[in-house]
Each structure stands twice: as structure tokens, then as C-alpha cells.
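What follows is one structure encoded as C-alpha cells, with my remarks underneath.
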Number of protein chains: 2
Amino acid sequence: MVKIPGQSTRGSRTGRPIMVLLDVLGQRWTLRILWELHQSRASFRTLQERCDGVSPTLLNKRLKNLRSLNLVDLDKDGYGLSAMGQSLTERLAPVGAWAKDWADQL
Amino acid sequence: MVKIPGQSTRGSRTGRPIMVLLDVLGQRWTLRILWELHQSRASFRTLQERCDGVSPTLLNKRLKNLRSLNLVDLDKDGYGLSAMGQSLTERLAPVGAWAKDWADQL
DNA sequence: TCTTTCTGCTACATAAAATGTAGCAACTGT
DNA sequence: ACAGTTGCTACATTTTATGTAGCAGAAAGA
């Protein structure tokens with residue numbers, strides 16, 4: 001059972017890792033934040049701009065959460081993906097290619 | 001430029017398909033709904049139960065949206081993934097495997 | 001040293017989104 | 001005719017996100 005302190009258990013009643021992950025990624029801006037950090041490290045403010053000016057309140061909330069989940073870290077160069085975060089976004093990459101075909105088909 | 005009627009343009013100012021997709025997938029329950037439909041087709045109510053009793057209001061909203069995006073369809077056997085939805089969730093599958101390692105590492 | 005300009009972050013009122021519960025109309029099977 | 005489905009809607013309450021302002025600390029320049 002995966003239990004994250006201060007985290008909702010919505011969609012996690014089974015405790016199956018995938019459910020927990022889908023729950024986390026399904027939070028507004030989380031996916032986008034990971035995507036942006038996958039492009040490059042960024043300071044809080046830069047990241048905020050890149051995320052279409054998402055509110056700092058929420059950005060901070062998400063970043064705190066992603067750090068506690070060991071997907072994101074913070075150093076002198078600002079925020080970036082941890083090794084784990086990197087491996088996740090790498091697996092998410094094929095979806096980027098898929099999106100092009102999908103958009104054409106729409 | 002991809003424009004979806006009645007859809008927020010949050011995170012879609014560039015109109016890049018991936019941004020639109022991240023925006024859609026980043027909506028609460030969307031990812032989970034796709035995941036559940038990837039397991040098998042289901043009626044509205046069955047799907048609702050599988051999604052930990054998500055409110056029918058929201059479930060319907062998401063399903064409508066996913067149908068307009070050509071990711072989900074509805075037939076006599078209830079809701080299910082379209083061909084497009086299938087190809088998306090297939091690309092999402094590696095993330096399921098990843099989640100196990102991630103959970104162990106937490 | 002004294003600004004200026006970054007940094008990450010917080011407070012708080014407003015607005016938007018999600019929940020929970022009840023129930024409707026249409027169809028299916030007995 | 002009746003019971004049990006189906007997909008779905010209404011609506012009041014609660015939760016979440018937005019937008020704006022601004023604080024405290026570090027670094028860089030004059």
C-alpha cells in the first residue's frame with residue numbers, strides 16, 4: 001500500500017501504484033509541469049510563465065507534492081526532474097508523438 | 001491549431017497538440033476513466049463504481065468531452081475506447097509498469 | 001554600503017470546479 | 001403492468017484554483 005502524507009486518497013482505495021499515479025498525474029497542471037521540466041530546468045517564476053501563468057499558490061502546491069513523491073527536485077539552478085521524474089517523462093514521451101496524429105485526425 | 005468547442009484553452013495558447021492533450025488528460029478523473037475503459041467496456045453506472053463512485057455529473061461531463069475528442073465511444077455495450085483511445089492507452093501502458101518501481105522506491 | 005533585481009514563496013478574497021444526493025425519462029425483460 | 005435496468009440531469013454544498021499583492025532572503029552592480 002502506497003500512502004502519501006497530506007495527499008488525497010481519491011482513486012487510491014486499492015492502493016495500487018498505478019491508481020495513485022493516475023490520481024497524482026490527474027491533478028490540474030501536474031502533467032504540464034512535468035512536461036515543462038522535461039524540456040529543461042527552470043526557476044519558479046520561469047516555470048510559472050511557461051505554464052501559461054499558473055497561480056503561484058498552486059504551482060508551489062504541486063511542486064511540493066512532486067518533490068515529496070521524488071519526481072522533482074530543487075537546486076541552485078531551480079526546479080528540475082529527479083532521476084525518477086526523468087524516467088517517468090521518458091515513458092510519457094511516446095504520447096507526444098501520438099498527439100500529433102490525434103490532432104490531425106480531429 | 002486545435003480548437004475544441006466548449007473546452008477551456010488553459011495551457012493551449014500555443015495550440016500545440018501535446019499541450020491540448022496534457023490539458024485534457026490533466027483534468028480530474030480523465031486519466032482514470034481512460035485507464036478503466038482500457039481494462040474493459042462498461043456501462044455508465046459500472047464505470048462510475050470502478051472510478052470509486054465519482055459523481056455522475058462529472059463522469060458525464062468527462063465522457064462527453066472524451067467522446068467529442070474521439071477517444072471514447074458509446075454503443076449497446078456501454079462506454080469503451082475508440083480506436084484512437086485504444087492507441088493512446090497503449091502508449092500509456094509503459095507507465096503502468098513504471099509505477100510499480102516507483103512505488104517500491106517511495 | 002546601498003540599491004536593484006532576482007529568488008522561492010505566502011495571504012487572501014473571488015471564481016470555478018467537483019461532490020453527494022435525489023430523481024427523471026427511456027428501454028428491457030417478466 | 002411492473003421491476004429493474006439504462007444514461008443522464010438538477011442543485012445545494014464543499015473543495016479547489018485563480019489573481020493580485022507582497023514578504024523575506026540572496027546575489028549582483030554601483
Side-chain angles (χ1 to χ4, degrees), chain A residues 4-13 19 22-34 36-37 40-69 71-82 85, chain B residues 4-13 19-20 22-37 40-69 71-82 85:
Chain A
I4 292 103
Q7 176 86 10
S8 93
T9 53
R10 192 190 88 228
S12 319
R13 294 199 196 149
M19 296 299 175
L22 290 180
D23 196 25
V24 172
L25 297 185
Q27 288 178 129
R28 228 160 151 182
W29 291 110
T30 301
L31 226 31
R32 173 67 178 270
I33 290 167
L34 289 175
E36 292 298 341
L37 291 182
S40 74
R41 276 195 107 80
S43 73
F44 187 94
R45 283 172 147 86
T46 303
L47 184 55
Q48 187 187 5
E49 280 165 27
R50 284 217 239 140
C51 289
D52 298 337
V54 59
S55 68
T57 316
L58 187 65
L59 181 57
N60 185 242
K61 194 173 179 180
R62 292 290 182 268
L63 286 172
K64 263 186 185 160
N65 193 220
L66 289 171
R67 286 170 74 186
S68 83
L69 294 172
L71 294 175
V72 164
D73 56 28
L74 172 62
D75 64 17
K76 64 178 177 56
D77 293 324
Y79 286 95
L81 294 178
S82 68
Chain B
I4 292 105
Q7 175 86 10
S8 91
T9 52
R10 193 190 87 224
S12 319
R13 295 198 198 152
M19 296 299 176
V20 180
L22 291 179
D23 195 25
V24 172
L25 297 185
Q27 287 178 133
R28 227 160 151 182
W29 291 110
T30 301
L31 227 31
R32 174 67 177 271
I33 290 167
L34 289 175
W35 183 264
E36 292 297 340
L37 291 181
S40 74
R41 275 195 106 79
S43 74
F44 188 94
R45 281 173 149 86
T46 303
L47 184 56
Q48 187 187 3
E49 279 165 27
R50 283 216 239 139
C51 289
D52 299 336
V54 60
S55 69
T57 315
L58 187 64
L59 180 56
N60 185 243
K61 193 173 179 179
R62 292 289 183 267
L63 287 172
K64 264 186 183 159
N65 193 218
L66 288 171
R67 287 170 73 188
S68 83
L69 293 173
L71 294 175
V72 163
D73 55 29
L74 170 64
D75 64 17
K76 63 178 175 57
D77 294 323
Y79 286 95
L81 293 178
S82 67

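In the text below, chain A, chain B and the rest are named by the order of the sequence lines, each starting its count at 1.
- Between R32(B) and E36(B) a salt bridge is recorded (basic side-chain N to carboxylate O distance below 4.0 Å).
- Comparing F44(B) and V54(A) by the nucleotide of DNA chain D whose heavy atom lies nearest to each, the residue mapping closer to the 5' end is F44(B).
- When the side-chain nitrogen and oxygen atoms of R28(B) are compared with OP1 and OP2 of dT15(D), none of them lie within a distance under 4.0 Å.
- Considering only heavy atoms from C-beta on, W29(B) stays 4.5 Å or farther from L59(B) through its side chain.
- Distance from the side chain of S43(B) is smallest for dT6(D) among the nucleotides dT6(D), dT9(D), dG22(D).
- Residues C51(A) and I33(A) are in side-chain contact: their nearest non-hydrogen atoms beyond the backbone lie under 4.5 Å apart.
- Distance, Q48(A) CD to dG8(C) P: 10 Å, rounded to whole Å.
- For dT10(C), the OP1/OP2 oxygens have a side-chain nitrogen or oxygen of N60(A) closer than 4.0 Å.
- Under the side-chain contact (heavy atoms from CB on, under 4.5 Å) criterion, S40(B) pairs with R50(B), not counting sequence neighbours.
- Per the geometry, CG belonging to D77(A) stands 18 Å off P belonging to dA26(D), to the nearest Å.
- Here the P atom of nucleotide dT6(D) and the CG atom of L63(B) are 14 Å apart, to the nearest Å.
- Partners of T57(B) according to the side-chain contact (heavy atoms from CB on, under 4.5 Å) rule, which considers only residues two or more places apart in sequence or in another chain, are S55(B).
- For W29(B), no side-chain nitrogen or oxygen approaches OP1 or OP2 of dA17(C) to under 4.0 Å.
- When all heavy atoms of S68(A) and N65(A) are compared, the pair lying nearest together is OG-O, 2.8 Å.
- A straight line from CG of L74(B) to C1' of dC27(C) spans 14 Å, rounded to a whole angstrom.
- For S55(A), whose side chain is taken as the heavy atoms from C-beta onward, the closest listed nucleotide among dT18(D), dG7(D), dG8(C) is dT18(D).
- Listed nucleotides: dG7(D), dT10(C), dG22(D). Nearest to the side chain of K64(A): dT10(C).
- Residues satisfying the side chain to side chain donor-acceptor pair (under 3.5 Å) test with D75(B), not counting sequence neighbours, are R41(B).
- Under the side chain to side chain donor-acceptor pair (under 3.5 Å) criterion, T30(B) pairs with R62(B), not counting sequence neighbours.
- Looking only at side-chain heavy atoms (C-beta outward), N60(B) and F44(B) come within less than 4.5 Å of each other.
- Rounded to whole angstrom, the span from the NZ atom of K61(A) across to the C1' atom of dG8(C) amounts to 18 Å.
- The separation between R45(A) atom CZ and dG25(D) atom C1' is 12 Å, rounded to whole Å.
- Atom pair Q27(A):CD and dT18(D):P shows a separation of 12 Å (rounding to whole Å applied).
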Is there any protein nitrogen or oxygen under 3.5 Å from a nitrogen or oxygen in nucleotides 10-12 of chain D, and what are the pairs?
unit_1: dA10(D); atom_1: N6; unit_2: T57(B); atom_2: OG1; d: 3.0

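- Closest non-hydrogen pair, S82(A) versus D73(A), comes out as CA-OD2, 3.6 Å.
- The phosphate of dG8(C) has neither OP1 nor OP2 within less than 4.0 Å of any side-chain N or O from K76(A).
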Task: Strand DNA chain C in bracket notation, Watson-Crick/G-U under 3.5 Å with | for pairs to another chain - done: ||||||||||||||||||||||||||||||

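- Remark: P of dA18(C) and CZ of R32(B) are 16 Å apart, rounded to the nearest angstrom.
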